[in-house]
Amino acid sequence: MTTRTVDRTQELAAFLRTRRERLDPRDFGLPTRRQTRRTPGLRREEVAELAGVSIDYVVRLEQARGLRPSADVVEALARALRLVPDERAYLFDLAGRRPRDAERPATAAAQPLAQLVTDLSPLPAMLMNHRYDILAWNGEMARLLLDFGTLPPWERNSMWLCLAHPETREFYVDRERVVRDGIAHLRAAWAAHPEDQVLLGLISEFTGRDERFARLWAEGDVKANSRGEKLMRHPEVGDISLLFEVLKPLQDPDQLLVIYRAADDGSRSALGRLCAS
């Protein structure tokens with residue numbers, strides 16, 4: 001699969017195959033004797049029966065033979081494959097059946113959101129778009145990670161910083177999970193914004209320069225965590241455990257508000273010292 005153009009027919013076929021193959025027949029009360037199943041997961045005919053479509057239709061979808069399933073069929077396939085919400089949305093995007101926002105991708109922070117980022121002080125906060133471009137940040141976020149204002153605009157990208165920036169790429173103790181979550185978001189954005197050549201260029205650059213990104217991208221995960229905990233190893237104050245929340249404003253759905261807060265008393269003290277310095 002290439003990321004230079006979005007071949008949604010091929011990606012739809014691959015996505016349906018991998019999701020079918022990961023299902024456990026025992027969860028559906030189906031026989032699992034080795035002699036009756038030569039491949040993992042459910043058979044195509046079993047998925048077809050669960051979704052209420054013909055076997056031939058599932059075969060042609062998985063062979064990328066140019067079908068464009070209706071919204072009802074996509075919904076039936078999502079139920080049959082037991083997709084989680086992020087995977088369901090991704091499937092609808094690949095099939096071209098999810099309504100798209102009319103606005104162009106955000107390249108500047110909406111003024112009310114930029115003010116909100118400032119007002120969230122003393123909590124570290126920043127605003128990103130679907131590419132993970134950093135559009136606005138407050139002083140606490142600059143002290144925690146990096147003063148993004150010192151970077152050229154094309155380097156103000158959260159994924160680029162995690163992969164390539166010499167200061168920030170080693171901040172995260174569980175860097176693989178952080179990169180994996182970022183890739184899951186970018187893959188979903190890739191399907192939702194097939195016309196975004198800048199995003200396609202970023203993905204091609206990351207895939208070509210970073211073996212870990214290429215490997216995780218090939219896994220096809222689209223389940224991004226919008227809430228969780230990150231352990232950072234800060235060069236000034238040591239380990240800090242942070243809870244994060246990613247919020248999507250209804251009026252500006254292409255912008256993501258990211259807020260950090262300390263996960264424990266020790267981290268709260270360390271974050272306080274860092275932000276006061």
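All figures in this text were calculated on a predicted structure; none of them were measured in a lab.
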Apart from [X] itself, which Ile, Leu, Val, Met, Phe, Trp or Tyr residues share its cluster (side-chain heavy atoms under 4.5 Å, direct or through members)?
{"X": "L243", "answer": "none"}
{"X": "L135", "answer": "none"}
{"X": "L123", "answer": "L113, L116, V117, L120, L127, L247, L257, I259"}

Under 3.5 Å donor-acceptor pairs involving side-chain atoms of residues 141-150, not counting sequence neighbours:
{"residue": "R143", "atom": "NH1", "partner": "G139", "partner atom": "O", "Å": "3.4"}
{"residue": "D147", "atom": "OD1", "partner": "G149", "partner atom": "N", "Å": "3.1"}
{"residue": "T150", "atom": "OG1", "partner": "D147", "partner atom": "O", "Å": "2.7"}

- Query: What pairs with V84 under side chain to side chain contact (heavy atoms under 4.5 Å, CB included), at least two apart in sequence or on another chain?
  - Reply: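 Counting only residues at least two positions away or on another chain, V84 forms a side chain to side chain contact (heavy atoms under 4.5 Å, CB included) with E87, K223.
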- Under a 4.0 Å N-O cut-off, is there an ion pair linking E245 with R227?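 Salt bridge flag = yes for R227 with E245.
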- Short N-O contact, R20 and E46, less than 4.0 angstrom: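 Between E46 and R20 there is no salt bridge, as every charged N stays at least 4.0 Å from the carboxylate O atoms.
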- Task: Could you note down all residue pairs passing salt bridge (charged side-chain N to carboxylate O under 4.0 Å, His left out) where residues 229-238 supplies at least one of them, sequence neighbours left out?
- Result: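 Pairs touching residues 229-238 that pass the test: R233-D239.
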Under 3.5 Å, sequence neighbours excluded: what are the donor-acceptor pairs made by side chains of residues 68-77?
{"residue": "R68", "atom": "NH2", "partner": "G96", "partner atom": "O", "Å": "3.0"}
{"residue": "S70", "atom": "OG", "partner": "V73", "partner atom": "N", "Å": "3.2"}
{"residue": "E75", "atom": "OE1", "partner": "R88", "partner atom": "NE", "Å": "2.9"}
{"residue": "E75", "atom": "OE1", "partner": "R88", "partner atom": "NH2", "Å": "2.5"}

Please enumerate all residues that pass salt bridge (charged side-chain N to carboxylate O under 4.0 Å, His left out) together with [X], with sequence neighbours excluded.
{"X": "E211", "value": "R215"}
{"X": "R268", "value": "D265"}
{"X": "E205", "value": "R209"}
{"X": "E140", "value": "none"}

- Task: Using side-chain hydrogen bond (donor to acceptor under 3.5 Å, both in side chains) as the criterion, list what pairs up with N157, not counting sequence neighbours.
- Result: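 By the side-chain hydrogen bond (donor to acceptor under 3.5 Å, both in side chains) rule, N157 matches D133.
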